[in-house]
Every structure is written in structure tokens, then in C-alpha cells.
Amino acid sequence: MFAAIRQLTHQQRVRHLAGLFAFEFVVVVLGVLTAQAVADWSNDRAARAEMRASRERADSEIAFMSAVATAYARTIPCIEQRMTTLMRASSAGSDVEASLLVRPIVWSFPFTELTVDTLLTMRAASGSDTSEHYRQAAFYAARGNRLVDDLADDWEALSIISPESGVVGPGDRQQARILASRARSTLRSLSQISRNIRFRAEKIGVAPRLGPGQRLPRSCAEMWQWGSVLYDPPDGEAGRDRASPPA
């Protein structure tokens with residue numbers, strides 16, 4: 001009889017300890033899961049805050065990029081006509097006035113590329129189309145900046161037919177024709193890039209915006225008068241808050 005009582009007591013104690021162990025295990029697991037959920041929520045909140053800040057900066061940059069693209073839409077035909085004039089003069093063996101070789105300031109497309117994590121957070125928050133527009137804006141900005149650099153380099157090389165460089169030979173004129181032709185090709189590519197940038201800005205919902213005091217040319221004559229594809233006030237008058245360094 002006493003043996004049976006001891007066995008029963010032992011079994012009850014075992015069940016009690018097992019219950020305590022199970023309870024403590026459940027409490028620990030729930031604590032870990034709760035802590036993980038809080039950490040995930042905090043990380044997600046921080047990621048979304050960073051995404052919003054990056055998107056706000058990107059919107060400001062895209063607004064200026066769109067304005068620069070608009071400037072190119074107005075001025076590329078003017079510059080292309082100048083290249084055609086230089087090609088014809090080189091083919092005819094005519095002397096070129098030094099003023100025709102003065103390059104206007106060309107502007108780049110300033111854009112800080114968004115990180116992969118930011119794009120993924122944006123995709124989760126606003127959809128894949130929105131994140132893709134920002135990714136494409138970065139792509140076109142980089143491509144456009146390479147074209148702007150190429151245009152500036154080829155125009156600089158056209159100094160070989162400047163009267164200030166000395167006697168201009170047939171080889172110089174032939175090289176100038178090649179440079180001017182290449183510049184025209186670059187301008188056409190830049191025109192397409194500009195259209196793509198404006199399209200992406202429109203899809204994102206950002207309107208073109210220049211910096212303080214800056215304005216777009218209304219004619220080719222105005223561009224040549226300014227010596228720039230867009231008017232930028234002298235330092236001290238307004239500054240270049242949103243402008244990239246011109247080439």
C-alpha cells in the first residue's frame with residue numbers, strides 16, 4: 001500500500017515538473033518570438049523612414065534633371081545646327097570664325113542612385129512600377145552624363161580648326177568634320193535620353209524645377225548669348241542650390 005502511494009506521489013511530481021517545464025518553455029518561446037517581432041517592426045519602420053528620406057532627395061534631383069532635360073529639348077537643335085555649319089565649312093575648306101567654336105556650358109544630370117535595400121522597401125510600399133521608375137531614372141542619368149562628357153570632349157577637340165591654332169590643313173578639316181559628325185550623333189542620343197528622363201519624372205509625379213534664379217532659354221539666340229543651355233545667375237546672385245557643376 002505504501003509503495004503504491006509513493007509511486008502515485010512520484011508520478012504526480014513528475015507530471016508537475018513536466019508541466020512547469022512545458023510552461024517555462026512556452027514562455028521563453030513566446031518571449032523570443034515577441035522580441036523578434038518587435039525587432040522586425042522596428043527595422044521595417046527604420047527602413048521605411050530611410051526610404052522616404054531617400055525618395056524625397058531623389059524627387060528633388062529628378063525635378064532638376066527634368067528641367068535640364070527640358071533645356072536640352074530646346075537647345076539640342078541649336079547645337080546640332082552649329083555642328084552642321086562646322087561640317088560644311090570643313091568640307092568646303094572655308095575658314096571658321098573663332099566665335100563658332102565657343103562651346104556653351106552643358107549641364108549634367110545629378111542623381112544619387114538609390115540602394116538596393118531602398119528600392120526593395122519602395123517596391124513593398126509603393127509597388128514595382130514606382131521602384132522601377134526610380135531605377136530607370138538613375139540609369140538614364142548615368143548614360144546622359146557620359147554623353148554630356150563626350151560632347152564636351154569632342155567640342156574641345158574642334159579647336160584644331162580655330163584660326164587661333166595656326167595654319168589649318170586639310171587633315172585638320174577632315175578631323176573636324178569627323179568630330180562634328182560624332183557630336184551630332186551624341187546630341188541625338190542625348191535628345192533621346194532627355195525624353196526618357198522627362199518621361200520617368202512624369203510617371204513619378206515630379207514637375208521640372210530649376211534652382212533659384214535659373215531659367216530656360218526661349219531661343220537659340222538666347223542660349224548663345226548666355227553661353228549655356230540654361231541661364232545660371234552669377235555666384236552671389238542666387239547660387240546653384242540644385243545645379244550640378246556644368247561641363
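Please read all numbers here as calculations on a predicted model, not as lab measurements. Along the sequence shown, residues carry numbers from 1.
Considering OG of Ser131 and CE of Met51, their distance stands at 10.0 Å, rounded to 0.5 Å. Here the CZ atom belonging to Arg146 is positioned 13.0 Å from the OG atom belonging to Ser108, to the nearest 0.5 angstrom. Interatomic distance, Met122 CE to Ser54 OG, rounded to the nearest 0.5 Å: 7.5 Å. Expressed to the nearest 0.5 Å, how far CD1 of Ile197 lies from CD of Glu202 amounts to 14.0 Å. Atom CG in Leu147 sits 9.0 Å away from atom OG in Ser185 (nearest 0.5 Å). Interatomic distance, CZ of Arg182 versus CG of Asp153, reported as 9.0 Å (0.5 Å rounding).
Using a 4.5 Å cut-off between side-chain heavy atoms of Ile, Leu, Val, Met, Phe, Trp and Tyr, with links allowed through other members, Val68 and Ile105 fall into the same hydrophobic cluster. Residues Leu100 and Met83 share a hydrophobic cluster, clusters being chains of Ile/Leu/Val/Met/Phe/Trp/Tyr side chains in contact below 4.5 Å.
Atom CD of Gln192 has more than 12 neighbouring heavy atoms from other residues, nucleotides or ligands inside a 6.0 Å radius. Annotation: Arg57, atom CZ; neighbour count of heavy atoms from other residues, nucleotides and ligands within 6.0 Å is above 12.
By the 4.5 Å heavy-atom criterion applied to side chains, Leu101 and Ile161 are counted as neighbours. With contacts defined as side-chain heavy-atom distances shorter than 4.5 Å, the pair Pro217/Thr75 qualifies. Looking at Trp224 and Pro104, their side chains come closer than 4.5 Å, going by heavy atoms from C-beta outward. Under the 4.5 Å side-chain criterion, counting only non-hydrogen atoms from C-beta, Phe109 is in contact with Met65. Between Met223 and Ile79, some side-chain heavy-atom pair lies under the 4.5 Å cut-off. Taking 4.5 Å as the limit, some side-chain heavy atom of Ile62 sits within range of a side-chain heavy atom of Tyr134.
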May I have the step-by-step check of side-chain contact (heavy atoms from CB on, under 4.5 Å) for Arg184 and Thr84, ending in yes or no?
-> CA-CA 8 Å; Arg184 286 203 314 177; Thr84 299; 3.0 Å; yes
Evaluate side-chain contact (heavy atoms from CB on, under 4.5 Å) for Phe139 paired with Asn196, printing each intermediate quantity in order.
-> CA-CA 10 Å; Phe139 170 80; Asn196 288 333; over 6 Å; no
Chi angles and distances behind the side-chain contact (heavy atoms from CB on, under 4.5 Å) call for Ile160, Val168 = CA-CA 7 Å; Ile160 60 173; Val168 180; over 6 Å; no
Could you go step by step and tell me if Asp95 and Arg173 meet the salt bridge (Lys or Arg N to Asp or Glu O under 4.0 Å) rule?
-> CA-CA 10 Å; Asp95 292 334; Arg173 299 185 193 280; 3.4 Å; yes
Could you walk me through whether Val148 and Tyr72 pass side-chain contact (heavy atoms from CB on, under 4.5 Å), step by step?
-> CA-CA 11 Å; Val148 169; Tyr72 279 124; 3.6 Å; yes
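Classified by interplanar angle (parallel below 30°, tilted 30° to 60°, perpendicular above 60°), the ring pair Phe64/Trp107 is perpendicular.
Nearest heavy-atom pair across Ala71 and Leu216 is CB-CD2, 3.6 Å. The two residues Ile193 and Gly144 come nearest to each other via the heavy atoms CG2-CA, 3.8 Å. Shown here for Glu113 and Ala138, the closest heavy-atom pair between the two residues is CG-CB, 4.0 Å. Across Val96 and Ala89, no two heavy atoms sit closer than the pair CG2-CB, 3.8 Å. Annotation for Arg215 and Trp226: closest pair O-CZ3, 3.6 Å, computed over non-hydrogen atoms. Between Ala180 and Met87 the shortest heavy-atom distance is CB-CG, 3.3 Å.
The main-chain N or O of Leu230 is found under 3.5 Å from a side-chain atom of Ser228 such that the two form a donor-acceptor pair. Ser219 contributes a side-chain N or O that, together with a main-chain N or O of Glu222, makes up a donor-acceptor pair within less than 3.5 Å. Judged purely by atom type and a 3.5 angstrom limit, Ser66 has no side-chain atom pairing as donor or acceptor with the backbone of Ala63. Using modelled atom types, no side-chain atom of Arg209 and backbone atom of Ala67 make a donor-acceptor pair closer than 3.5 Å. Between the side chain of Thr115 and the backbone N or O of Thr118, at least one donor-acceptor pair lies under 3.5 Å. Between the side chain of Ser194 and the backbone N or O of Leu190, at least one donor-acceptor pair lies under 3.5 Å. The backbone N or O of Ala142 sits nowhere less than 3.5 Å from a side-chain atom of Asn145 that would complete a donor-acceptor pair. Looking only at distances, no side-chain donor or acceptor of Ser94 sits under 3.5 Å from a matching main-chain atom of Ser90. Distance alone, capped at 3.5 Å, places no donor-acceptor pair between the Ser181 side chain and the Arg177 backbone. With hydrogens and angles disregarded, no donor-acceptor distance shorter than 3.5 Å links the side chain of Glu56 to the backbone of Ala53.
Residues Thr130 and Arg123 have side chains that never bring a donor and an acceptor to within less than 3.5 angstrom of each other. Between Ser126 and Arg55, the side chains place a donor N or O and an acceptor N or O closer than 3.5 Å (distance only, hydrogens not considered). Checking Thr186 against Ser189 by side-chain atom types alone, no donor-acceptor pair falls below 3.5 Å. Side-chain contact annotation: Arg48 with Thr121, donor-acceptor N/O pair under 3.5 Å absent. A side-chain N or O of Ser191 and one of Arg195 form a donor-acceptor pair less than 3.5 Å apart.
Here Glu80 pairs with Arg188 in a salt bridge; the nearest charged N to carboxylate O distance falls below 4.0 Å.
A cation-pi arrangement is absent between Arg82 and Trp155 under the rule of less than 6.0 angstrom and at most 45 degrees off the ring axis.
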